[in-house]
Amino acid sequence: MKTNGNDDGKTNGSGGAGAGEIDFEVKVGFARMLQGGVIMDVTTAEEARIAEDAGAVAVMALERVPADIRKEGGVARMASVDRIVSIQETVSIPTMAKVRIGHFQEAQVLEELKVDFIDESEVLTPADSEHHIDKHLFRAPFVCGARNLGEALRRIAEGAALIRTKGEAGTGDVSEAVRHLRLIRAEMGALKAAPREEVLAHAKRLAAPYDLVLGVWQEGRLPVPNFAAGGVATPADAALVMSLGAESVFVGSGIFKSEDPARTGAAIVKATARYAEPGILVEACRETGGAMKGMAVEQVPPEAQLQTRGW
Amino acid sequence: MSLPVVGVLALQGASAAHLAAFASLGVDAREVRSREQLTGLTHLVMPGGESTTIHHLLELFDLRREIVRRHRAGELAIFGTCSGAILLGGDDGEPPPRLGLLDAVLERNAYGRQVDSFTRVVRLEALDAELRCVFIRAPKVREVGPGARVLARDGDEAILISGPGLLAATFHPELTDDSLLHTYFLRPELWNAVAPVFSVG
């Protein structure tokens with residue numbers, strides 16, 4: 001085994017983690033345990049408590065929610081250790097946290113803290129303009145954003161155990177998450193419909209490893225779950241992305257930038273669990289505590305888009 | 001003996017993997033998200049997921065009481081895996097509140113956090129078989145009362161237990177290709193020895 005960044009024969013993930021082989025199946029299995037749930041961005045222990053009480057399957061510990069990162073600017077980094085630990089100590093549900101793209105040292109900090117899932121996220125300021133983290137070297141599982149099938153498979157090739165759409169975080173506009181879900185579905189459909197001799201050409205066009213592309217051609221699905229993220233703000237948004245094939249929902253600014261986070265969180269959990277039932281959705285919409293105002297994606301200048309980070 | 005009618009609780013968690021396991025056995029299991037969908041079921045799987053969330057949703061959609069009632073009436077066998085097993089057991093003073101059906105107490109996340117999750121091949125004595133068992137933020141069985149029976153251990157830890165009309169695993173048989181325990185669950189005569197009055201299946 002090698003580490004990210006050097007070649008001295010040690011693994012990254014030895015830290016506080018248990019002994020034994022790093023097992024990809026255990027990572028993907030954990031991602032499956034989160035299916036049908038809502039993962040909520042939180043910045044304090046108090047918010048984490050509200051999220052857990054609202055029925056969140058996990059919390060994502062952040063220094064600032066995406067809407068504030070967008071507004072305030074500056075370099076967005078991994079949350080402080082104290083913040084992460086206070087959130088871990090407050091809730092019994094899994095704690096996730098974000099690292100900058102390519103920042104394997106931030107990832108080692110999170111693994112040492114026994115953070116349950118690491119999000120190598122475009123919401124933070126990228127640390128490496130060319131390379132993502134070699135996630136195979138970590139015992140902690142990683143989730144990564146993707147806008148299309150090729151990007152999803154590249155991240156899986158690097159060791160991601162869970163994919164989420166990028167959407168356009170911090171806007172409260174769900175349209176980019178919808179675009180990414182539909183595109184991934186359409187690309188898988190085109191691949192499945194192709195004869196086997198065309199799979200290599202697909203791999204070339206997708207810029208993804210042939211074996212993973214062949215796996216999608218054979219199985220008709222990604223080898224890891226695919227969740228929705230980026231702009232989900234209401235129960236109806238959550239139901240929409242679930243109906244389009246997302247297996248769970250990340251909600252960032254949508255809960256703690258709403259007028260009543262406890263009510264909004266609970267309503268989104270309710271809508272996600274039974275997304276296909278309009279009667280339940282009506283109840284969830286009624287129970288929502290005033291959605292975040294947000295901004296339409298058209299108002300976001302190209303240089304301020306977060307989804308174009310990563311490759 | 002009538003054919004089993006199998007449901008998988010699908011409010012949150014790894015229900016899809018359980019449904020796929022039953023499908024591989026040619027059993028047409030259905031998703032259960034509402035109280036109405038419990039009607040007519042003889043077998044229910046409570047899957048792994050986040051136990052606090054599943055508890056929250058069982059209360060929210062008023063399934064908890066109906067599951068307990070149908071089980072106590074001897075109409076519904078239940079197989080809990082991981083968080084499903086936690087919920088079947090008794091309260092340990094920590095959230096979430098449990099259903100209290102199985103005469104055992106399970107402690108959540110007792111092996112630690114996700115980095116402490118693991119896979120191990122274990123010999124299941126009661127089944128006389130080996131199974132690759134996936135433990136994910138798994139619980140440990142802290143107490144086993146006279147109404148429950150340990151069917152398998154991994155070292156000192158009980159990992160598969162049964163009670164009247166109840167089967168509980170601390171690991172995830174739905175995550176591996178071997179459907180041994182799904183087959184086993186559909187044959188309560190193999191594991192339901194504690195209370196022969198229970199007549200499901």
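Each chain gets a letter, A, B and so on, in the order the sequences are listed, and its residues count up from 1. Note that these values count all heavy atoms, side chains included, but never hydrogens, waters or copies made by symmetry.
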_Which atoms of B:Leu175 are under 4.5 Å from chain A, going by heavy atoms: the side chain, the backbone, both sets, or neither?_
both

_Heavy-atom contact with chain B under 4.5 Å, split by part of A:Ala56_ = backbone

*At what distance, to the nearest 0.5 angstrom, does CD1 of B:Ile136 lie from NZ of A:Lys27?*
12.5 Å

*B:Val115 and A:Arg139: which non-hydrogen atoms are nearest, and at how many Å?*
O-CD, 3.0 Å

*To the nearest 0.5 Å, tell me how far B:Leu60 CG sits from A:Lys270 NZ.*
5.0 Å

_Within this structure, what is the CD-OG distance for the pair A:Gln35 and B:Ser15, rounded to the nearest 0.5 Å?_
7.0 Å

*B:Asp28 atom CG, neighbour heavy-atom count above 12 within 6.0 Å*: no

*Side chain, backbone, both or neither: which part of B:Glu94 has an atom under 4.5 Å from a heavy atom of chain A?*
neither

_Does any backbone or side-chain atom of A:Ala58 lie under 4.5 Å from a heavy atom of chain B? Answer side chain, backbone, both or neither._
neither

*Criterion salt bridge (Lys or Arg N to Asp or Glu O under 4.0 Å) on A:Glu25 and B:Arg132, from CA distance to verdict*: CA-CA 12 Å; A:Glu25 186 184 22; B:Arg132 199 157 53 88; 2.5 Å; yes

*asked:* One thing to verify: whether A:Glu111 and B:Arg113 come together as a salt bridge, which I'm taking to mean a side-chain N less than 4.0 angstrom from a carboxylate O.
replied: no

_Can you confirm whether more than 12 heavy atoms, excluding those of A:Arg221, are under 6.0 Å from its CZ atom?_
no

_Enclosure of B:Arg65 CZ (heavy-atom neighbours >12, cutoff 6.0 Å)_ = no

*asked:* Nearest 0.5 Å, please: how far is CE in A:Met33 from OG1 in B:Thr81?
replied: 7.0 Å

*Write down the atom of A:Pro141, the atom of B:Gln114, and the distance for their closest heavy-atom approach.*
CD-CG, 3.6 Å

_Residue part contacting chain A, namely of B:Ser117, when any heavy atom lies under 4.5 Å_ = both

*Check step by step if side chain to side chain contact (heavy atoms under 4.5 Å, CB included) holds for B:Phe135 and A:Val26.*
CA-CA 8 Å; B:Phe135 295 85; A:Val26 163; over 6 Å; no

*Verify the neighbour count for atom CG of B:Asp62: are there more than 12 heavy atoms of other residues, nucleotides or ligands below 6.0 Å?*
yes

*What part of A:Gln88 lies closer than 4.5 angstrom to a heavy atom of chain B: side chain, backbone, both or neither?*
both

*Does B:Arg69 CZ have over 12 foreign heavy atoms under 6.0 Å away?*
yes

*CD of A:Glu46: more than 12 outside heavy atoms within 6.0 angstrom?*
no

*B:Arg33 side chain to A:Ala273 main-chain N or O, any donor-acceptor pair under 3.5 Å?*
yes

_Gap between atom CG of A:Asp23 and atom OG1 of B:Thr119 - 0.5 Å precision_ = 4.0 Å

*Is any NZ, NE, NH1 or NH2 atom of the basic residue among A:Lys114 and B:Asp116 found under 4.0 Å from an Asp or Glu carboxylate oxygen of the other?*
yes

*Give, as side chain, backbone, both or neither, the part of B:Leu11 having an atom under 4.5 angstrom from any heavy atom of chain A.*
both

*Pick whichever of B:Gly112, B:Gly13, B:Ala16 has the most heavy-atom pairs under 4.5 Å with chain A.*
B:Gly13

*Just by distance, do the side chain of B:Gln12 and the backbone of A:Val57 share a donor-acceptor pair under 3.5 Å?*
no

*Relative to chain A, which of B:Glu50, B:Arg137, B:His56 shows the most heavy atom pairs under 4.5 Å?*
B:Arg137

*Please look at B:Ser51 and chain A and tell me whether the side chain, the backbone, both or neither of the residue comes under 4.5 angstrom of a heavy atom of that chain.*
neither

*B:Gly48, B:Cys82, B:Ala10, B:Ala14: which one forms the most heavy-atom pairs within less than 4.5 Å of chain A?*
B:Ala14

_Looking at chain B, which one of A:Ala266, A:Ala54, A:Ala31 has the largest number of heavy-atom pairs inside 4.5 Å, strictly under?_
A:Ala54

